[in-house]
Asks: 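Quick one: the structure is below, questions incoming.
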Amino acid sequence: MIKVGDTLPAATLMEFSEVEGNGCSIGPNAVDVAKATAGKTIALFALPGAFTPTCSAKHVPGYVEKAAEFKAAGVDEIWCVSVNDAFVMGAWARDQKTDGKVRMLADGSADFAKATGLTLDLTARGMGLRSNRYSMLVKDGKVVSLNVEGPGKFEVSDAATLLAQAKA
């Protein structure tokens, strides 16, 4: 499992864009993790799935609500990563009103989740291999803090916890 001090694994996530700009076309666009984190501070949180109860009611809204506070604490971007396709993440972004606040990044084949060692096997519940629920503060591609939830928990990966670590 990835730990504090490690560099994020080489991976490509996908992001759905509603409008063209900054070299992005409408629709899914590749996001190279190493390039996108270089020289930046990223508040990254991951969760089992889009539109799921805890993720939609608590996890994403907390980061959307505190987006300005993260910026004030020196965080360049907030990323939400989930094992869903870019189209689902785009629809969820619209539903959660994340535009300009949280980048909704798809890990469609769970490659990033597998590479970090932070997977959650929900095959018995019909959801297949997913990402565990966690948050991390990343500076220039390196993990500065990591908060991994226990099974079925939502206690340490919330926005308030990561914000406090960003301010420290």
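The shown structure was predicted, so the numbers you read here are calculated from the model rather than taken from an experiment. All values below come from the heavy atoms of this structure, side chains included, with hydrogens, waters and symmetry mates left out.
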Asks: Could you walk me through whether F16 and D85 pass side chain to side chain contact (heavy atoms under 4.5 Å, CB included), step by step?
Replies: CA-CA 9 Å; F16 187 87; D85 64 64; over 6 Å; no
Asks: Is the closest side-chain heavy-atom distance between F154 and E149 below 4.5 Å?
Replies: yes
Asks: Looking at every non-hydrogen atom in both residues, tell me the closest pair between G39 and D76 and how far apart they are.
Replies: O-OD2, 4.4 Å
Asks: Check for me, please, whether L137 and V64 land in the same ILVMFWY cluster - side-chain distances under 4.5 Å, paths through other members count.
Replies: yes
Asks: Evaluate whether atom CG of D140 has more than 12 neighbouring non-hydrogen atoms of other residues, nucleotides or ligands under 6.0 angstrom away.
Replies: yes
Asks: Please report the shortest heavy-atom distance between F87 and P28, naming the atom on each side.
Replies: CZ-CG, 3.6 Å
Asks: Which heavy atom of M14 sits nearest to which heavy atom of A86, and what is that distance?
Replies: CB-CB, 3.9 Å
Asks: List, by chain and then residue number, the residues other than V83 in its hydrophobic cluster (Ile/Leu/Val/Met/Phe/Trp/Tyr, side-chain heavy atoms under 4.5 Å); write none if there are no others.
Replies: none
Asks: Are any non-hydrogen side-chain atoms of Y63 and Q96 less than 4.5 angstrom apart?
Replies: no
Asks: Going by salt bridge (charged side-chain N to carboxylate O under 4.0 Å, His left out), name the residues that satisfy it together with K35, two or more places apart in sequence or in a different chain.
Replies: none
Asks: According to the side chain to side chain donor-acceptor pair (under 3.5 Å) rule, which pairs have a member within residues 106-120, sequence neighbours left out?
Replies: none
Asks: Which heavy atom in A67 sits nearest to a heavy atom in I78, and how many Å separate them?
Replies: CA-CD1, 3.8 Å
Asks: Could you check R133 against L120 for side chain to side chain contact (heavy atoms under 4.5 Å, CB included), going step by step and ending with a plain yes or no?
Replies: CA-CA 8 Å; R133 185 182 307 280; L120 180 63; over 6 Å; no
Asks: Mind checking what makes side chain to side chain contact (heavy atoms under 4.5 Å, CB included) contact with A50, not counting sequence neighbours?
Replies: N84, V88, M89, W92
Asks: Considering only Ile, Leu, Val, Met, Phe, Trp and Tyr, and joining two whenever side-chain heavy atoms are under 4.5 Å apart, list the other residues clustered with L118.
Replies: M1, I2, V4, L8, L13, V31, V33, I42, L44, W79, V81, L105, F112, Y134, M136, V138, V143, L146, V148
Asks: Extract all donor-acceptor atom pairs below 3.5 Å that involve side chains of residues 158-168 and protein atoms in other chains or at least two apart in sequence.
Replies:
| unit_1 | atom_1 | unit_2 | atom_2 | d |
| --- | --- | --- | --- | --- |
| D158 | OD1 | T161 | OG1 | 2.7 |
| D158 | OD2 | A160 | N | 3.4 |
| D158 | OD2 | T161 | N | 3.4 |
| D158 | OD2 | T161 | OG1 | 3.4 |
| Q165 | OE1 | S145 | OG | 3.0 |
| Q165 | OE1 | N147 | ND2 | 2.9 |
| Q165 | NE2 | N147 | OD1 | 2.9 |

Asks: What's the shortest heavy-atom distance between L122 and P48, and which atoms?
Replies: CD1-CB, 4.3 Å
Asks: Report yes or no: does H59 contribute a side-chain atom to a donor-acceptor pair with the main-chain N or O of S157 at less than 3.5 Å?
Replies: yes
Asks: Mind checking the OG1-NZ spacing from T41 to K142? Nearest 0.5 Å is all I need.
Replies: 13.5 Å
